There are 2 protein chains.
Amino acid sequence: MPKRINFPEVISKLKDFYSHRKRLPSFSELQSLLGYSSKGGVSLLTSHLVKRGILKRDPSGKLVPTPALEGGIKLLGTVQAGFPSPAEEELIDTLSLDEFLIKNPQASYLVKVTGDSMIDAGIMPDDLVIVDRGRQPRHGDIVIAEVDGAWTMKYYEKRGTKVLLRAANKKYPPIEPKAELVIGGVVVANVRKYK
Amino acid sequence: MPKRINFPEVISKLKDFYSHRKRLPSFSELQSLLGYSSKGGVSLLTSHLVKRGILKRDPSGKLVPTPALEGGIKLLGTVQAGFPSPAEEELIDTLSLDEFLIKNPQASYLVKVTGDSMIDAGIMPDDLVIVDRGRQPRHGDIVIAEVDGAWTMKYYEKRGTKVLLRAANKKYPPIEPKAELVIGGVVVANVRKYK
DNA sequence: CATTATAACGGACGTTCGTCCGTTTTCAAA
DNA sequence: TTTGAAAACGGACGAACGTCCGTTATAATG
């Protein structure tokens with residue numbers, strides 16, 4: 001039996017388990033997962049993981065995962081910084097895109113973009129935008145609005161007491177809504193998946 | 001005591017618990033959370049939640065959350081479809097951005113974009129790109145590559161046996177790497193957060 | 001070689017967990 | 001009013017859980 005714990009391997013197995021099962025393994029599951037033959041050993045191991053910040057204990061003393069386990073993504077500076085080697089991976093911060101992009105999960109929706117009316121703002125056809133409908137639009141926001149019975153995406157701009165809806169594409173003229181302006185929500189993020 | 005279960009309220013409380021604690025509540029926790037005075041009642045309730053697809057049971061019989069609980073985001077069609085009312089929310093599919101965008105969590109990184117070299121591809125300064133470094137670049141992919149000691153983002157294009165790195169901005173001329181071309185990874189997604 | 005610290009073993013123990021089942025309450029339909 | 005179905009109560013039960021602790025094994029140090 002070895003004396004050193006292979007942390008990268010343990011962490012990767014934990015990640016695997018958590019991302020597939022959406023819960024942490026119990027001690028006995030960890031036991032067979034990692035090849036221990038006693039629960040005591042597992043107990044020691046988990047205390048190390050807590051020290052390292054891989055796991056933590058919630059108010060009631062139960063083990064819960066930290067962001068490091070939650071299927072998130074490692075965070076880097078800018079491209080210039082280059083890429084980390086596997087050895088230094090443990091130092092890197094992990095981030096959940098869901099939590100990062102979505103403030104109000106209950107009131108947010110993912111909508112596929114059609115048309116090129118916002119292309120100059122970097123929003124292209126087939127992109128997905130995250131729309132928060134529980135948010136008051138402010139000058140400069142991109143909003144989903146109902147215009148003449150159809151829903152479109154536009155910049156929301158205040159001109160004195162009036163409101164102007166402007167596309168990010170010179171092909172389309174700005175719109176000044178007549179009576180009532182129905183806002184479906186504010187675009188809080190744009191997401192594009194390649195391939 | 002009522003006879004009908006208030007599912008929206010139960011679901012919202014479950015979401016709350018899961019998104020904050022990263023685990024499901026135990027039966028006794030559910031009991032006090034929902035104001036039951038017996039575990040039997042909770043047991044009945046959970047079986048309803050399983051039937052409705054809010055929870056499910058994993059191979060070992062333990063309760064685990066479905067995507068509907070996992071802090072994900074509701075999925076809609078295109079903008080034209082308009083917005084759902086709270087009443088019909090239960091029907092909507094939920095999606096985790098992490099799982100949707102990231103195939104290889106272990107080998108993926110989030111990198112902040114500097115410069116405007118890919119602006120015609122809709123990748124703007126301060127966007128975040130998800131880079132998968134465990135993937136072979138193919139013709140047309142956007143890659144992170146080391147050119148003259150600096151890391152940049154470019155289209156990866158095959159010209160016969162040679163490789164051309166091309167920016168999505170006419171201001172920058174294409175680059176034909178001389179000797180070795182170091183690829184840091186393939187850009188698999190682009191993410192922009194507003195405000 | 002002797003010393004020391006860490007890791008794992010192997011049980012014992014008390015607690016919590018979730019299921020089960022008979023009973024009671026509530027509501028709606030007949 | 002009677003009947004039936006669904007929801008919750010209230011406990012009992014066995015199984016699983018995680019902690020604890022003394023012992024043994026391993027490896028690094030000097």
Side-chain angles (χ1 to χ4, degrees), chain A residues 1-18 20-66 68-70 87 90, chain B residues 1-18 20-66 68-70 87 90:
Chain A
M1 288 89 184
K3 187 193 158 196
R4 282 256 155 262
I5 303 179
N6 185 351
F7 280 101
E9 184 190 331
V10 171
I11 293 174
S12 130
K13 288 196 177 176
L14 263 181
K15 270 190 192 170
D16 247 47
F17 193 102
Y18 187 77
H20 286 121
R21 315 273 293 257
K22 303 301 173 194
R23 63 173 178 90
L24 287 182
S26 71
F27 275 41
S28 10
E29 283 168 332
L30 269 179
Q31 192 178 322
S32 60
L33 194 64
L34 303 175
Y36 281 70
S37 58
S38 78
K39 278 195 289 186
V42 177
S43 182
L44 177 62
L45 173 66
T46 56
S47 71
H48 286 298
L49 293 174
V50 169
K51 272 184 213 153
R52 297 205 169 202
I54 313 296
L55 300 174
K56 64 183 181 196
R57 294 191 175 273
D58 71 2
S60 57
K62 294 191 180 302
L63 286 173
V64 291
T66 60
L69 284 184
E70 299 164 19
E90 268 194 64
Chain B
M1 289 87 187
K3 186 193 159 194
R4 280 256 157 260
I5 303 179
N6 184 351
F7 281 101
E9 182 189 332
V10 170
I11 292 173
S12 134
K13 289 195 177 179
L14 263 180
K15 269 189 190 170
D16 245 49
F17 193 102
Y18 187 77
H20 287 119
R21 315 275 293 257
K22 304 301 173 191
R23 63 174 178 87
L24 287 181
S26 72
F27 275 42
S28 7
E29 284 169 330
L30 269 179
Q31 192 177 322
S32 58
L33 195 65
L34 303 176
Y36 281 71
S37 57
S38 78
K39 279 195 291 187
V42 178
S43 182
L44 176 61
L45 172 66
T46 58
S47 72
H48 285 299
L49 293 174
V50 169
K51 270 184 214 151
R52 296 206 169 200
I54 313 295
L55 300 174
K56 63 183 179 192
R57 294 191 174 272
D58 71 3
S60 57
K62 293 188 182 298
L63 286 173
V64 290
T66 59
L69 283 185
E70 299 164 18
E90 268 195 65

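Throughout, protein chains are lettered first and strands after them, A, B, ... in sequence-line order, and every chain is numbered starting at 1. Owing to the predicted nature of the structure, the values given are computational and were not obtained by experimental measurement.
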Over its full length, what angle do the end axes of the helix from C:dC1-D:dG30 to C:dA30-D:dT1 make, each axis taken from five pairs and the result rounded to 10 degrees?
-> 30°
Residues that B:K39 engages under side-chain hydrogen bond (donor to acceptor under 3.5 Å, both in side chains), provided they are two or more places apart = none
Can you sort out the partners of [X] under salt bridge (Lys or Arg N to Asp or Glu O under 4.0 Å), two or more places apart, ordered by chain and number?
X: A:K13; value: A:E9
X: B:D16; value: none
X: B:R57; value: none

For [X] and [N], give me the distance from atom [atom1] to atom [atom2], rounded to whole Å.
X: B:Q31; N: C:dC17; atom1: CD; atom2: P; answer: 10 Å
X: B:L24; N: C:dC17; atom1: CG; atom2: P; answer: 13 Å
X: A:L44; N: D:dT26; atom1: CG; atom2: C1'; answer: 14 Å
X: B:L45; N: C:dT19; atom1: CG; atom2: C1'; answer: 15 Å
X: A:Y36; N: C:dC9; atom1: OH; atom2: P; answer: 8 Å

Looking at residues at least two apart in the chain, or sitting in another chain, which of them share a side chain to side chain contact (heavy atoms under 4.5 Å, CB included) with A:T66?
-> A:K56, A:A68
Could you state the interatomic distance from NZ (B:K22) to CD (B:E70), rounded to the nearest 0.5 Å?
-> 10.0 Å
If a protein heavy atom is under 4.0 Å from the base, mark B; if only from the sugar-phosphate, S; if neither, -; do that for nucleotides 16-22 of chain D going 5' to 3'.
-> -BBSB--
Sort and list the pairs that fulfil salt bridge (Lys or Arg N to Asp or Glu O under 4.0 Å) and have at least one residue in residues 24-34 of chain A, not counting sequence neighbours.
-> A:R23-A:E29
